[in-house]
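Heads up: the structure comes next, in structure tokens.
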Amino acid sequence: MKIACLSGKGGAGKTLVAVNLAAAAGCATYIDCDVEEPNGRLFLPPQETTQTEICSLLPAFDAKKCTGCKQCVSFCRFHALMYVKEKPVVFPEVCHSCGGCALVCPEGAVSEQKKPVGVLETGRYGDIRVITGILHPGEASGIPLIRAALRQAQGDTIIDCPPGSACSVMECVMDADYCILVAEPTAFGFHNFKMVHELAALLHKPCGVVINKQEQPYAPLEAFCREQGLPILARIPYDRTLAAQAAAGRLVFRHSDTARQIFTALWAQIGGAV
Ligand code: SF4
Ligand code: SF4
């Protein structure tokens, strides 16, 4: 079972939910796909780690074979290629390493070259396998790293997605059996929550909601969940003690009775929902 934890914006509590759900699952795999800011390992500090360099594949052009037909440029839907000074030029920041330009080139003038984009770290925290994608500073796309991390899924797997609803999030959700949408009960949080819900709905994924930092129910969010038939799986209270423990890098599942009850019940519910 693969469970993706999503949130519309950073700071909503996605990682809090993901790491504590992994702890509630007991024997599980936790994959941190928030590769620009992977902080799950602060809560699940892995032991006996190994690191593997992950590369993206960028097109390289053979000037001797290239006839200047520009079919590669026309093909690239990401607009990562331009024909400049009588040769194709790639913009690595927007290239998605799809390999399509090499396939369409009638002259066989395009090959692929490796470019390191980050590191995949694997380790264990007790019974939890901890997989972390760490993007090199300045790299624009973490997709190859996210794919490499997702290939490590094994048994019950909790995927800590990047925040928002960009294509990196879609990559994480594509293969998930269930999505947990972590919502902050504020106007801003609700606005972003609707975007991730739209993404999960687009991919026809079953999903439920965890409301974090709740003082009072936020009426628009409650109404939206009712209208969409979205189950509210858990409500994490706006609690100073919990916040202080999380800020100190503690796994609240292990340090708070309230948190233990919330995440144990959440895990039981998801097991029934999938
Ligand atoms: S590999 Fe794909 S995304 Fe990258 S330049 Fe070629 S066609 Fe465009
Ligand atoms: S498709 Fe091949 S031959 Fe045509 S411009 Fe691109 S690299 Fe050159």
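Counting convention: from 1, in listed order, for ligands and their atoms alike. Predicted model only: the values in this text are computed from it and were never measured.
At least one donor-acceptor pair under 3.5 Å links the side chain of K205 to the backbone N or O of M174. In this structure, the side chain of H255 does not engage the main chain of F253 through any donor-acceptor pair within 3.5 Å. At distances below 3.5 Å, at least one donor-acceptor pair connects side-chain atoms of T264 with backbone N or O atoms of R260.
Summary of contacts: the protein heavy atom closest to atom 1 (S) of ligand 1 is G99 N, 3.3 Å. The single protein non-hydrogen atom nearest to atom 4 (Fe) of ligand 1 is C95 SG, 2.3 Å, given as residue, atom name and distance. Shortest contact from atom 3 (S) of ligand 2 to any protein heavy atom: T67 N, 3.5 Å. Remark: minimum distance from atom 5 (S) of ligand 1 to any protein heavy atom is reached at L81 CG, 3.6 Å. With hydrogens left out, the protein atom closest to atom 8 (Fe) of ligand 1 is C76 SG, 2.3 Å, a heavy atom. Closest to atom 2 (Fe) of ligand 1 among all protein heavy atoms lies C98 SG, 2.3 Å.
Proximity of K70 to ligand 2, defined as any heavy-atom pair under 4.0 Å, is confined to the backbone N, CA, C and O atoms. When non-hydrogen atoms are compared, ligand 2 lies under 4.0 Å from neither the backbone nor the side chain of V104.
When each atom of ligand 2 is checked for a heavy atom of F61 under 4.0 Å away, the hits are 7 (S). Near F78, the atoms of ligand 1 lying under 4.0 angstrom from a non-hydrogen atom of the residue are 3 (S). Contact atoms of ligand 2 toward C105: 1 (S), 2 (Fe), 3 (S), 7 (S) (distance under 4.0 Å to a heavy atom of the residue). Atoms of ligand 2 found under 4.0 Å from any heavy atom of C66, numbered from 1 in the order shown, are 3 (S), 5 (S), 7 (S), 8 (Fe). Ligand-side atoms of ligand 1 in range of H96: 3 (S), 4 (Fe), range being under 4.0 angstrom from any heavy atom. Taking every heavy atom of V110 and a limit of under 4.0 angstrom, the matching atoms of ligand 2 come to 7 (S). Close approach of ligand 2 to E107 is summarised as follows: ligand atoms under 4.0 Å from at least one heavy atom of the residue are 3 (S).
How far CD of E37 is from CG of D32: 10.0 Å, rounded to the nearest 0.5 Å.
Using a cut-off of 2.8 Å, one finds that C72 contributes an N/O/S atom close to atom 6 (Fe) of ligand 2. Contact annotation: C101 places no N, O or S atom under 2.8 Å from atom 2 (Fe) of ligand 1.
The existence of a salt bridge linking D34 and K14 is confirmed by a sub-4.0 Å separation between a basic side-chain nitrogen and an acidic carboxylate oxygen. In this structure, K65 does not pair ionically with E107, as no charged nitrogen and carboxylate oxygen lie closer than 4.0 Å. Ion pairing between a basic and an acidic side chain is recognised when a charged N comes within 4.0 Å of a carboxylate O; E222 and R235 show such pairing. Between R124 and E48, none of the side-chain N atoms (NZ, or NE/NH1/NH2) sits under 4.0 Å from a carboxylate O, so this pair counts as no salt bridge.
Judged by a 6.0 Å distance limit and a 45° cone about the ring axis, K194 is positioned over the six-membered ring of F190.
A side-chain N or O of T15 and one of D160 form a donor-acceptor pair less than 3.5 Å apart.
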Can you check ring pair (Phe, Tyr, Trp, His ring centres under 6.0 Å) on H79 and F91, steps first, answer last? CA-CA 8 Å; H79 306 292; F91 294 91; over 10 Å; no
